[in-house]
Amino acid sequence: MTNKLVLVDGNSIAYRAFFALPLLNNDKGVYTNAVYGFTTMLLKVLEDEKPTHMLVAFDAGKTTFRHDTYKEYKGTRQKTPPELSEQLPLMRDLLQAFNIAFEEVENYEADDIIGTLAKRAAADGWDTKIFTGDKDLLQLVDKNILVSLTRKGITNVDTYDLAALNEKYGLKPAQIIDLKGLMGDSSDNIPGVPGVGEKTALKLLAAHETVEGVYENIEAVSGKKMKEKLIENEDQAYMSKKLATILTEVPLKTKPEDLPLGERNMEQLTELFKELGFQSLLTRIGGEEAEETIEMEDLEVEKVTELTSGMFTEESALVIESLEDNYHHAEIIGGAVANDKGVFYLTPELIKENSTFKEWAKDPDKKKIVFNAKRAVVSLGWQDIPLAGAAFDVQMASYLLDPGASSHDMADIAIRKNGMQVQADEAVYGKGKKQQVPGEEVLSQHLGRKAAALLDLKKELEKELEENKQLELLTELEMPLSLILGRMEKHGVAVDKEELRKLGDSLTERLNEMEAKIHDLAGTSFNINSPKQLGEILFDKLQLPVIKKTKTGYSTSADVLEKLADQHEIIQEILLYRQLGKLNSTYIEGLLKAINDKTGKIHTMFNQALTQTGRLSSTEPNLQNIPIRLEEGRKIRHAFVPSKDNCLILAADYSQIELRVLAHISQDKTLIEAFRHDMDIHTKTAMDVFEVEKEEVTSEMRRTAKAVNFGIVYGISDYGLSQSLGINRKQAQRFIDKYLESYPGVRDYMQNSIDEARENGYVTTMMQRRRYLPDMTSRNFNLRSAAERTAMNTPIQGTAADIIKKAMVDMDEALEKSGIDAKMLLQVHDELIFEVQESQVEELSKLVIKVMEQTLELDVPLKVDADYGKTWYDAK
DNA sequence: TAAGTCACGC
DNA sequence: GACGTACGTGACTTAT
């Protein structure tokens with residue numbers, strides 16, 4: 001077997017990791033982001049490459065032999081941030097524990113060590129692979145030397161061999177130094193020839209091979225200016241080339257065969273990982289299975305067979321356990337109650353049949369502390385066991401305190417909040433196919449612990465909510481809403497199966513015809529749904545121009561295909577095929593599969609503790625993304641029908657709720673006036689941005705204004721806006737600037753949001769929903785910019801979410817009082833869907849509009865449109 | 001089983 | 001000058 005040597009440019013990777021990752025630190029305040037990134041990269045390399053030999057090279061001191069040639073070498077480079085330099089020793093500790101060799105040599109850079117060893121290994125016929133973030137190293141590429149450059153993040157790399165290098169730059173490895181000689185390198189302060197950039201340099205090298213070649217043929221260089229520049233800077237070009245040249249003859253004692261990859265020192269490694277707080281990596285390196293299960297002493301859990309009312313006090317924690325994700329058909333495997341009388345395990349039989357338990361469960365005055373109230377209520381509901389008095393939902397509390405927390409699992413919350421420790425469900429039940437119910441001993445212990453932990457956590461989380469002024473958000477909004485959502489889910493939405501099948505049949509027929517036509521146009525049969533195969537057909541076989549690549553190959557996304565539409569007849573067909581295929585598989589087949597056998601209806605699950613903005617999400621199936629934009633898809637809505645005879649579907653939606661919220665929060669005079677006069681907001685924006693009168697607004701202007709408003713509402717970047725409008729980034733930025741000039745109140749609001757986020761670390765909505773933005777202080781421009789846009793956007797989107805949630809709570813009560821025979825079925829972010837007796841539809845319509853519009857008073861009116869019909873399609 | 005790509009909604 | 005760009009869910013393919 002050939003030996004395989006992996007060489008890593010330690011400093012380069014550390015830099016990359018440091019800037020790519022947020023500034024993490026461990027519990028002792030030591031920064032760990034660079035070490036973390038470096039470690040994940042090492043693990044990936046070890047796993048993917050399985051090297052026999054390995055070395056990580058580091059730069060030594062400040063000066064190297066290159067400084068003898070050019071004092072200013074690396075002169076412009078900023079001092080290594082102390083947050084990074086303090087991590088470098090940790091990386092050495094880590095390498096020691098991994099038993100991977102590392103080396104630094106006075107006067108030389110890591111590059112030179114790598115170059116020397118790579119050449120030596122190659123001479124012995126070894127395979128070598130180099131990992132770095134520095135393109136300079138490409139000069140080392142050879143028959144058996146590959147160079148992997150980090151792409152995005154740290155674990156993603158592009159690997160170059162001779163062919164790849166030629167494809168990308170049209171250069172041989174040795175020409176990389178000529179390239180640098182001509183174009184220079186600002187990061188190393190290598191001057192090159194002023195006025196020559198990558199494009200020019202590549203052109204020159206294509207014609208004349210090397211720097212020397214360029215000067216030998218200097219008369220052949222076109223352009224007077226260019227020729228002058230070259231002649232003027234000849235010495236500098238040669239010097240730059242020399243600076244960029246990696247030395248492959250460093251006087252090293254180390255030979256490749258001295259670098260065998262040793263055995264990991266697991267003890268050292270786990271200790272180090274623990275110290276650094278790399279929990280996730282601990283599991284990844286294995287050997288720590290036993291340690292992963294938290295050491296816990298046994299908790300006293302009573303396995304009761306008879307229940308007495310004395311076991312149930314005024315306030316108890318209640319756990320109702322089921323394994324299936326989908327609680328609409330989940331089997332209850334057990335439960336537990338914890339209070340000052342003790343901790344009691346409940347068998348499924350007790351839960352379902354014991355009258356003492358059921359009496360207590362349905363008594364709203366007996367307060368229950370629960371984890372995911374909706375799940376407990378609905379899964380019990382399907383067994384006809386009413387549950388009331390769910391007063392405090394620990395999961396919801398955790399979500400409201402920090403929606404961005406890494407997870408809202410019981411075990412994780414318990415760790416975060418220092419409550420009684422609980423095993424992870426996955427550790428107890430297993431996952432995937434291996435999931436199973438454990439014996440009663442284990443189960444009662446696990447559930448008992450959960451219940452006991454709930455008591456702990458409630459106290460802690462309630463205190464934190466109080467401090468954040470978020471207790472009302474929990475008790476008055478989210479908790480009542482969770483019960484309403486639970487009822488909506490359990491009630492379900494009726495669908496017309498025949499209608500779905502009919503739509504499906506016609507789609508299938510069309511898809512078959514289209515498939516044949518596409519194969520015919522392509523001249524061969526292939527899987528249209530495979531981006532890989534499709535890419536090969538379009539870009540290799542049909543030779544269409546490549547617009548964009550993904551990391552696995554050609555991009556075939558809709559925006560790419562649209563650009564190719566006039567090049568080949570096949571493109572339109574593919575786009576339509578995709579669209580119809582999506583309808584068929586996701587919506588027709590997906591919805592048919594989601595129909596509940598017993599009820600014949602669809603029961604979605606709203607996740608109320610997931611999104612970062614406070615919106616709901618919907619799963620199994622997702623009923624918040626039923627097509628509407630294109631008529632073909634909109635037809636799906638024909639299948640959503642009332643569940644009783646003589647009923648209608650009514651849909652009520654907020655008009656421009658986010659922009660109205662923006663007007664209110666920002667107090668922008670123009671925007672407020674516009675909404676008070678109920679103007680068409682996109683036309684108004686067009687008037688302001690293009691500085692024209694209403695009559696002069698063209699449909700194109702309105703379309704642009706609409707996209708700008710869309711961008712403001714969703715917090716997209718200049719890039720995002722440029723993509724949606726098909727313009728360049730500069731133009732997009734101009735629109736944004738013009739918008740902010742027109743609405744100075746909005747501009748101030750945006751700035752204030754950013755300031756607030758930077759100061760507090762979080763932003764809030766009108767109802768005290770929070771979102772933490774740790775990246776506000778990131779040195780990484782992208783992360784920071786994204787955080788800034790989020791700071792501007794989340795109060796708007798989040799407040800809109802608050803408002804509709806409150807409207808749902810109000811509406812539930814209003815419906816109850818009104819005596820109207822109607823049911824709330826769905827919420828789709830800014831709209832509510834009902835089914836209602838035909839005779840009462842007008843009454844409901846008036847009520848819904850009133851309740852939704854008046855749920856919260858802003859400085860601009862909230863506007864609601866309502867419509868109804870025999871199906872969801874007709875309620876438009 | 002996980003990752004990547006694509007497409008639907010607001 | 002590069003970076004990689006609103007929030008979600010689900011279907012499908014492909015590699016492991």
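The chains referred to below are lettered A, B, ... by the order of the sequence lines, with proteins before strands, and numbering in each begins at 1.
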Any base atoms under 4.0 Å from [X], or only sugar-phosphate, or nothing? Heavy atoms, all strands.
X: A/Thr790; value: nothing
X: A/Ile626; value: sugar-phosphate
X: A/Ser717; value: base
X: A/Asp830; value: sugar-phosphate
X: A/Asp718; value: nothing
X: A/Gln723; value: nothing
X: A/Gln612; value: sugar-phosphate
X: A/Leu583; value: nothing
X: A/Ser785; value: nothing

Rounded to whole Å, how long is the line connecting atom [atom1] of [X] with atom [atom2] of [N]?
X: A/Met605; N: C/dT9; atom1: CE; atom2: P; value: 11 Å
X: A/Asn782; N: C/dG4; atom1: CG; atom2: C1'; value: 5 Å
X: A/Asp559; N: B/dT5; atom1: CG; atom2: C1'; value: 12 Å
X: A/Asn584; N: B/dC6; atom1: CG; atom2: C1'; value: 16 Å
X: A/Leu575; N: B/dC8; atom1: CG; atom2: C1'; value: 15 Å
X: A/Leu149; N: C/dA2; atom1: CG; atom2: P; value: 15 Å
X: A/Asn607; N: C/dG10; atom1: CG; atom2: P; value: 11 Å
X: A/Leu561; N: B/dA7; atom1: CG; atom2: P; value: 7 Å

So, does the side chain of [X] form a donor-acceptor pair with the base of [N] at under 3.5 Å?
X: A/Arg629; N: B/dC8; value: no
X: A/Arg729; N: C/dG4; value: yes
X: A/Tyr714; N: C/dC7; value: no

Closest listed nucleotide, where the reference is the side chain of [X] and the choices are [options]:
X: A/Thr556; options: C/dC7, B/dC6, C/dC3; value: B/dC6
X: A/Ser585; options: C/dA11, C/dA6, B/dC6; value: C/dA11
X: A/Thr611; options: B/dA7, B/dC10, C/dC7; value: C/dC7
X: A/Thr619; options: B/dC10, C/dG10, C/dA6; value: C/dG10
X: A/Arg578; options: C/dC3, B/dC6, B/dC10; value: B/dC6
X: A/Asn625; options: C/dA11, B/dG9, B/dC6; value: B/dG9

Assign the ring pair A/Phe539 / A/Tyr554 to parallel, tilted or perpendicular, where the plane angle (0 to 90°) is split at 30° and 60°.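 The arrangement is tilted - the two ring planes meet at 30° to 60°.
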Do the ring planes of A/His603 and A/His328 sit parallel (below 30°), tilted (30 to 60°) or perpendicular (above 60°)?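 The rings of A/His603 and A/His328 sit tilted, inter-plane angle from 30° to 60°.
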For [N] versus [M], give the span between their [atom1] atoms, rounded off to a whole number of Å.
N: C/dT5; M: B/dT5; atom1: P; value: 12 Å
N: B/dC8; M: C/dA6; atom1: C1'; value: 15 Å
N: B/dG4; M: C/dG4; atom1: P; value: 14 Å

Can you tell me the pairing partner of C/dA2 across any strand shown, Watson-Crick or G-U wobble, with both distances under 3.5 angstrom?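 Check on C/dA2: unpaired, no WC or wobble geometry under 3.5 Å.
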Sequence neighbours excluded, every pair satisfying side-chain hydrogen bond (donor to acceptor under 3.5 Å, both in side chains) that has a member inside residues 582-592 of chain A: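 Counting only pairs at least two positions apart or across chains, the side-chain hydrogen bond (donor to acceptor under 3.5 Å, both in side chains) contacts touching residues 582-592 of chain A are A/Tyr587-A/Asn625.
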Sidechain N-carboxylate O distance under 4.0 Å for A/Glu499, A/Lys635: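 So A/Glu499 does not pair with A/Lys635 through a salt bridge.
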I'd like to know if A/Arg660 and A/Glu853 make a salt bridge, using a cut-off of under 4.0 Å between side-chain N and carboxylate O.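 Salt bridge between A/Arg660 and A/Glu853, a charged N being under 4.0 Å from a carboxylate O: no.
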Closest-nucleotide mapping onto DNA chain C: is A/Thr613 or A/Asn527 further toward the 5' terminus? I mean the 5' end.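 Its nucleotide being nearer the 5' end, the pick is A/Thr613.
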Below 4.0 angstrom from OP1 or OP2 of [N], is there any side-chain N or O of [X]?
X: A/Lys532; N: C/dA15; result: yes
X: A/Asn529; N: C/dA11; result: no
X: A/Ser617; N: C/dT9; result: yes
X: A/Gln533; N: C/dT14; result: yes
X: A/Arg615; N: C/dC7; result: no

Looking at C/dT5 and A/Tyr719: do their rings stack (centroid distance under 5.5 Å, interplanar angle under 30°)?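 Yes, A/Tyr719 stacks on the base of C/dT5, since the ring centres sit under 5.5 Å apart and the planes are within 30°.
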Has A/Gln731 got a side-chain atom pairing as donor or acceptor with A/Asn728's backbone, closer than 3.5 angstrom?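 Answer holds: yes.
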Within this structure, what is the CZ-CD1 distance for the pair A/Phe710 and A/Ile712, rounded to the nearest 0.5 Å?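 With rounding to 0.5 Å, CZ (A/Phe710) is 12.0 Å from CD1 (A/Ile712).
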To check you understand the geometry: which heavy-atom pair defines the closest contact between A/Leu149 and A/Gly133, and what is its length?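 Of all heavy-atom pairs spanning A/Leu149 and A/Gly133, the closest is CD2-C, 4.2 Å.
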